[in-house]
Amino acid sequence: MYKKRYILKLFGIVQGVGFRPFVYKLAKEKDIKGWVKNDGGAVIIDFEGDKKNIKFFLLTILNKPPKLSRIEKYSLKALKNKGYKDFQIIKSSFKNNILFLSPDISICDKCREEIFDKDSNYYRYPFTNCTDCGPRYTIIKSLPYDRKNTTMEYFKMCSFCKGEYENPLSRRFHAQPNCCKECGPRIELIDKFNKKIEATDIIKHTIDLIKSGKIIAIKGIGGFHLVCDPKNEKVIKLLRKRKKRPDKPFAIMAKNIKKVKDICNVTRKEELVLLSEKKPIVLLKKKDKKLISEDVSKNKYLGVMLPYTPLHLLLFEYIDYLVMTSGNLNGHPMEYKNEDAIKNLKNIVDFYLIHNREINMSVDDSVVKVFNNKEMVTRQGRGYSPKIIKFNESKEILALGALEKSSISFCKNNYAYISQYLGDIKNLDTYLEYEKTVNDFLNIFKGNPEIIAYDLHSNYSLTKLSKKYTAKKIPIQHHHAHMASCMGEHNLYKKCIGVIYDGTGLGLDKNIWGGEFFIGDRLEFKRVGHLENVLIQGGEKAIKEPWRIALSYIHSVGYKNIDVIDRKIEEKKLVLNALENNINCFNTSSMGRLFDCVSAILGLRYEITYNGQGAIELENIIDEDIKETYNYLISYDKGIILIDYKQIILQVLKDKKSGVNLGEISTKFHNTIIKFTIDTVIKISKDNNLDNVIISGGVFQNNYLLKNIYEKLSKEGFNVFYNEKIPINDNGISFGQLVIANRIVNGG
Ligand code: ZN
Ligand code: FE
């Protein structure tokens with residue numbers, strides 16, 4: 001018979017995802033001889049067989065590889081026949097250094113079946129996993145992804161598990177976290193004095209405690225959750241009080257998709273995202289049913305996810321819904337080590353359900369929504385991190401991200417590696433966790449940056465951190481980074497119009513920007529328009545107390561009746577006096593602040609307890625049937641378009657005074673922003689002959705704004721791009737910095 005021999009090299013996410021056993025089985029089926037092995041980050045297959053079988057073998061590998069794998073590129077070379085006698089999986093070698101790593105994957109269907117099968121060795125075992133599922137990124141300490149480089153190295157496999165691990169025909173062949181109840185990690189229930197609670201069924205006992213109104217810290221894949229019963233009004237109040245989180249919605253985990261549909265409206269696409277192996281928190285429109293306490297989320301939207309570990313599935317045998325919120329103190333990073341959690345969460349929780357599989361990399365749940373029938377990531381975390389994408393570079397660059405919703409990005413060997421959400425690093429504990437992640441990240445991906453990119457507005461800690469590297473430093477303007485994050489995601493290189501609506505970011509003129517129209521590309525930008533500056537009094541305090549912002553706007557528009565802000569007259573006088581004398585004031589063109597202002601004028605929020613609360617509550621009361629707008633003025637200053645907020649604020653004040661319905665005022669305000677945005681883009685486009693528009697910045701987490709601006713600009717004939725895979729808020733800044741720095745250093 002006529003035989004042929006080839007060598008196939010596959011690059012991408014091809015390790016730790018069951019690739020070699022898949023190839024092995026296929027080879028046996030098709031009578032292919034030769035071998036397969038891991039080589040650094042690649043899989044190499046040397047094979048021979050008859051022509052027809054080889055064709056099938058090759059096409060199956062390339063077109064139907066294992067579910068979790070991602071082939072980035074491959075090479076195929078014909079060779080002289082060697083006369084192999086059988087097909088083998090041979091020992092790994094480590095040569096090339098393109099490093100891939102899979103995110104953590106939710107439990108697969110087969111493992112799910114096994115944990116509910118009385119005859120299975122994995123019956124009710126909370127750490128069951130296989131090559132198709134289980135922890136990856138959170139347990140890894142260094143690459144290659146081998147057991148000895150993970151936190152599973154402390155567990156010696158029993159003979160049963162060893163057999164599975166070494167059997168190419170097993171689903172657990174080289175599944176690095178492979179274990180069973182004989183040899184693997186165990187759960188333990190303890191009280192807050194670290195005393196072990198004995199129970200015949202710990203999982204059922206935990207749910208009994210939850211049903212009786214207790215709050216439990218449960219250790220998961222990437223860290224601890226605070227867990228309680230969302231039907232129990234009293235315990236929700238208690239959790240809010242103990243966590244010092246009076247308003248921000250809690251996420252829910254629901255037993256299954258049916259239970260999700262009982263409390264939320266779920267589209268087909270949303271269902272697919274909920275059920276995907278990434279299992280993110282999906283922001284869904286609430287239904288009016290009272291199956292869970294109203295106090296879980298007072299907003300239109302509720303964050304819901306489905307169980308993603310065997311432990312979750314076992315807990316949900318006894319309950320339909322659980323509050324599952326990040327296990328952290330307000331403003332601090334999520335706990336992920338047993339000792340720390342026991343120490344730091346003791347004033348919040350009553351019990352801990354812990355286990356002894358260590359988490360090396362803490363990763364929060366991801367938050368996504370479905371927009372335009374596509375998934376849009378707003379917090380990149382578990383299941384999505386690390387994000388590894390193709391990237392043309394020639395120098396290693398580390399981008400440090402923004403101060404809030406931070407993340408880091410790094411590039412090497414023509415790939416960009418984007419970290420998980422790392423929180424607000426103005427908090428020292430969060431910063432220390434961030435610094436650890438920078439080190440771990442560079443260590444895992446063997447990075448040695450030659451360039452550091454950072455926000456113009458860095459704080460003391462970040463400046464100190466960047467000094468640790470001898471690398472060249474490149475400062476990057478915040479809103480340019482927002483714009484570039486979108487350009488990078490959509491592979492755009494040519495000049496575009498950028499509409500960046502954001503909270504805070506230092507501008508080139510040292511003012512705070514955030515209501516910006518740019519013309520720019522990856523290299524540079526020109527500020528061609530913006531919201532007119534307003535002087536705001538109170539610094540950081542004003543951001544937490546938007547009544548100060550409102551009063552600052554009211555002062556700047558020359559409105560005399562300050563009764564509209566219902567605060568003590570002495571307090572208001574202090575602010576007005578300070579404004580007159582320019583004490584502790586900042587100049588800003590921020591769109592986020594304009595939203596805060598209107599929210600406070602309407603009396604919705606004088607003080608906020610979480611980021612963006614004013615704007616979210618303003619969006620909550622929109623009435624989509626209202627189409628009116630307020631009037632607004634546009635002026636020019638040295639060729640720059642200035643959008644006058646004064647007229648808008650005066651009309652809002654007038655409507656408020658004459659008792660117009662708040663929902664109507666909010667809608668008219670939103671409509672006005674949409675209208676002036678479209679008008680301004682059309683103007684810029686005509687003057688500059690550009691028709692690609694980038695929409696980015698945290699304010700665009702507002703669905704009504706994004707939807708209308710996107711649709712209306714598209715209707716006008718523009719090509720409109722907004723962030724989908726890279727967060728539109730500051731969580732996407734590090735990637736934007738990477739894109740710009742890369743263009744600056746090598747024109748990529
Ligand atoms: Zn599995
Ligand atoms: Fe921003």
Side-chain angles (χ1 to χ4, degrees), residues 264-273 282-286 297 299-303 367-379 482-483 485-486 489-490 496-503 514-517 591-592 594-595 598-599 612 614-630 632 648 663-682 685 691-729 731-732:
C264 291
N265 292 312
V266 183
T267 63
R268 178 72 191 128
K269 177 68 185 173
E270 284 165 342
E271 180 170 345
L272 290 174
V273 176
V282 184
L283 297 173
L284 300 169
K285 264 213 182 100
K286 288 195 300 190
S297 167
N299 294 344
K300 265 206 279 202
Y301 299 93
L302 175 68
V367 181
V368 311
K369 65 184 174 194
V370 172
F371 183 84
N372 264 345
N373 210 33
K374 278 185 283 184
E375 183 183 68
M376 190 173 164
V377 178
T378 53
R379 181 169 80 190
H482 272 302
M483 183 166 173
S485 73
C486 186
E489 174 180 342
H490 294 288
C496 303
I497 298 170
V499 181
I500 317 298
Y501 290 167
D502 202 29
E516 309 302 315
F517 292 88
M591 183 60 84
L594 187 62
F595 271 81
V598 173
S599 161
I616 289 169
E617 293 184 1
L618 212 52
E619 186 187 356
N620 277 339
I621 58 170
I622 282 178
D623 176 352
E624 300 207 10
D625 292 334
I626 296 170
K627 303 293 171 204
E628 284 119 280
T629 63
Y630 291 119
Y632 61 90
I648 302 168
E664 188 178 329
I665 302 177
S666 168
T667 316
K668 279 160 80 179
F669 170 68
H670 277 85
N671 290 347
T672 311
I673 291 172
I674 293 160
K675 184 147 195 315
F676 74 58
T677 306
I678 309 300
D679 291 350
T680 307
V681 169
I682 291 175
S685 150
D691 49 15
N692 283 358
V693 184
I694 306 284
I695 300 177
S696 193
V699 169
F700 283 112
Q701 288 170 106
N702 183 314
N703 278 338
Y704 185 77
L705 214 58
L706 179 61
K707 180 171 177 284
N708 280 283
I709 290 178
Y710 175 81
E711 284 174 0
K712 295 201 159 92
L713 283 175
S714 303
K715 223 166 143 190
E716 292 288 338
F718 292 100
N719 309 311
V720 191
F721 303 90
Y722 60 91
N723 299 59
E724 291 164 45
K725 297 187 181 89
I726 304 290
I728 204 162
N729 55 40
N731 198 196

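All of these numbers come straight from a predicted model, not from anything done at the bench. Sequence positions, counted from 1, serve as the residue numbers for this chain. No hydrogens, no waters, no symmetry mates; every other heavy atom, side chains included, goes into these values.
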Flag, side chain of [X] to backbone of [Y], donor-acceptor distance under 3.5 Å:
X: K369; Y: N703; result: no
X: D623; Y: E664; result: no
X: N702; Y: E619; result: no
X: S666; Y: L618; result: yes

Exercise. For the side chain to side chain contact (heavy atoms under 4.5 Å, CB included) test, which of V367, L706, L283, V368 pairs with M376?
Worked result: L706
For this session: Please examine the side chains of I709 and F700, heavy atoms only from C-beta on, and report whether any two atoms are closer than 4.5 Å.
Result: yes
Problem set entry | Non-hydrogen side-chain atoms of I728 and Q701 separated by less than 4.5 Å | yes
Distance-minimising heavy-atom pair for [X] and [Y]:
X: N731; Y: T378; result: OD1-O, 4.1 Å
X: I500; Y: G697; result: CG2-CA, 4.3 Å
X: D502; Y: H482; result: OD2-NE2, 3.2 Å
X: V681; Y: I497; result: O-CD1, 4.0 Å
X: C264; Y: L302; result: SG-CD2, 3.9 Å

Problem set entry | Intermediate values then yes/no, side-chain contact (heavy atoms from CB on, under 4.5 Å), I622 and T667 | CA-CA 5 Å; I622 282 178; T667 316; 4.1 Å; yes
For this session: Kindly write out the residues that satisfy side-chain hydrogen bond (donor to acceptor under 3.5 Å, both in side chains) with S599, not counting sequence neighbours, or none if the list is empty.
Result: none
Enumerate donor-acceptor pairs with a distance under 3.5 Å from any side-chain N or O in residues 713-725 to protein atoms, sequence neighbours excluded.
from: S714; atom 1: OG; to: Y710; atom 2: O; distance (Å): 2.7
from: N719; atom 1: ND2; to: N692; atom 2: OD1; distance (Å): 2.6
from: Y722; atom 1: OH; to: N372; atom 2: ND2; distance (Å): 3.3
from: N723; atom 1: OD1; to: S696; atom 2: OG; distance (Å): 3.0
from: N723; atom 1: ND2; to: S485; atom 2: OG; distance (Å): 2.9
from: N723; atom 1: ND2; to: I726; atom 2: O; distance (Å): 3.2
from: N723; atom 1: ND2; to: P727; atom 2: O; distance (Å): 3.4

Distance, nearest 0.5 Å, that separates [atom1] of [X] from [atom2] of [Y]:
X: I694; Y: H490; atom1: CD1; atom2: NE2; answer: 7.0 Å
X: T680; Y: K675; atom1: OG1; atom2: NZ; answer: 10.0 Å
X: I673; Y: Y501; atom1: CD1; atom2: OH; answer: 7.5 Å
X: N708; Y: N671; atom1: CG; atom2: CG; answer: 7.0 Å
X: I674; Y: E711; atom1: CD1; atom2: CD; answer: 10.0 Å

Seminar exercise, completed: By side-chain contact (heavy atoms from CB on, under 4.5 Å), K269 pairs with (sequence neighbours left out) T267, V273, V370, N373
Problem set entry | Partner residues of N620 under the side-chain contact (heavy atoms from CB on, under 4.5 Å) criterion, sequence neighbours left out | N299, K300, I616, E617
For this session: List in chain and number order the residues that pass ring pair (Phe, Tyr, Trp, His ring centres under 6.0 Å) with Y301, two or more places apart in sequence or in another chain; answer none if no residue qualifies.
Result: none
Problem set entry | Listed partners of F595 passing ring pair (Phe, Tyr, Trp, His ring centres under 6.0 Å), at least two apart | F669, H670
